[in-house]
Amino acid sequence: QVQLVESGGGLVQAGGSLRLSCAVSGRTFSRLAMGWFRQAPGKEREFVAGISSWSGGTTYATDSVKGRFTISRDNAKNTVYLQMNSLKVEDTAAYYCAAGYVERLESGEYAYWGQGTQVTVSS
């Protein structure tokens, strides 16, 4: 049984920063690939960034956030993070944490999903 709980969302001005956290229950966290997705109103759910299960954490991020967002994980804390810098109004969305045994980090085939945390970027 795996549960994911996101936190850290909120309202921030354009150019500001937020750090999202995803706390994962259970004892298998280190074996799971982790991903962050987002969904804005009227838009499809979109892959943001992912990190592999192995030590060191190979990462992949979508082009629109490269250089601004960084995904990381702390296996000792069973937590994955999304550091978001230089936020834009276009980043406004509900952000979802996902976990699973996936080969491609950007796939939508993660088995476990959190409930989401809202990020709103104002101008």
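The figures that follow rest on heavy atoms only: side chains count, while hydrogens, waters and symmetry mates do not.
- Separating the CD atom in Gln83 from the CZ atom in Arg68 is a distance of 12.0 Å, to the nearest 0.5 Å.
- With a 6.0 Å radius and a threshold of 12 heavy atoms from other residues, nucleotides or ligands, Glu109 has its CD atom at or below the threshold.
- Contact check for Val24 versus Val2: side-chain heavy atoms found under the 4.5 Å cut-off.
- Counting Ile, Leu, Val, Met, Phe, Trp and Tyr side chains that sit under 4.5 Å apart, directly or through other members, Leu11 stands alone, with no cluster partners.
- By the salt bridge (Lys or Arg N to Asp or Glu O under 4.0 Å) test, Lys66 pairs with Asp63, sequence neighbours left out.
- Atom CD of Glu106 is separated from atom OH of Tyr60 by 5.0 Å, given to the nearest 0.5 angstrom.
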Check: Stepwise, does the side-chain contact (heavy atoms from CB on, under 4.5 Å) test hold for Thr120 with Val12?
Finding: CA-CA 6 Å; Thr120 302; Val12 64; over 6 Å; no
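- Screening Leu20, Asp74, Ile51 for a side-chain contact (heavy atoms from CB on, under 4.5 Å) with Tyr81, the sole residue that qualifies is Asp74.
- Within a 6.0 Å sphere centred on CD of Gln3, other residues, nucleotides and ligands contribute 12 heavy atoms or fewer.
- Rounded to the nearest 0.5 angstrom, Met34 CE and Thr79 OG1 are separated by 9.0 Å.
- Using a distance-only test at 3.5 Å, with no hydrogens or angles considered, a donor-acceptor pair links the side chain of Ser52 to the main chain of Thr58.
- Shown are Val121, Thr117, Val119; of these, the side-chain contact (heavy atoms from CB on, under 4.5 Å) with Leu18 is made only by Val119.
- Sorted by first then second residue, the side-chain hydrogen bond (donor to acceptor under 3.5 Å, both in side chains) pairs that include residues 6-21, not counting sequence neighbours, are Ser17-Asn85.
- For Thr62, the side-chain contact (heavy atoms from CB on, under 4.5 Å) partners at least two apart in sequence or on another chain are Phe47, Ser64, Val65.
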Review item, side-chain donor-acceptor pairs of residues 93-105, under 3.5 Å, at least two apart:
| residue | atom | partner | partner atom | Å |
| --- | --- | --- | --- | --- |
| Tyr95 | OH | Arg38 | NH1 | 2.9 |
| Tyr95 | OH | Asp91 | O | 2.7 |

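- In this structure the side chain of Asn75 never reaches within 4.5 angstrom of the side chain of Lys77, judged on heavy atoms.
- Taking CG from Leu4 and CG from Asn78, the interatomic distance works out to 10.5 Å, rounded to the nearest 0.5 Å.
- For residues 104-123, the set of pairs meeting the ring pair (Phe, Tyr, Trp, His ring centres under 6.0 Å) definition, not counting sequence neighbours, comprises Phe37-Tyr110, Phe37-Trp113.
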Next item on the list: Begin with the C-alpha distance, continue with both residues' side-chain angles, and end with the deciding distance and a verdict on side-chain contact (heavy atoms from CB on, under 4.5 Å) for Thr92 and Glu90.
Entry: CA-CA 5 Å; Thr92 295; Glu90 294 81 0; over 6 Å; no
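- Across all their heavy atoms, Ser53 and Ala33 have their closest contact at CB-N, 3.9 Å.
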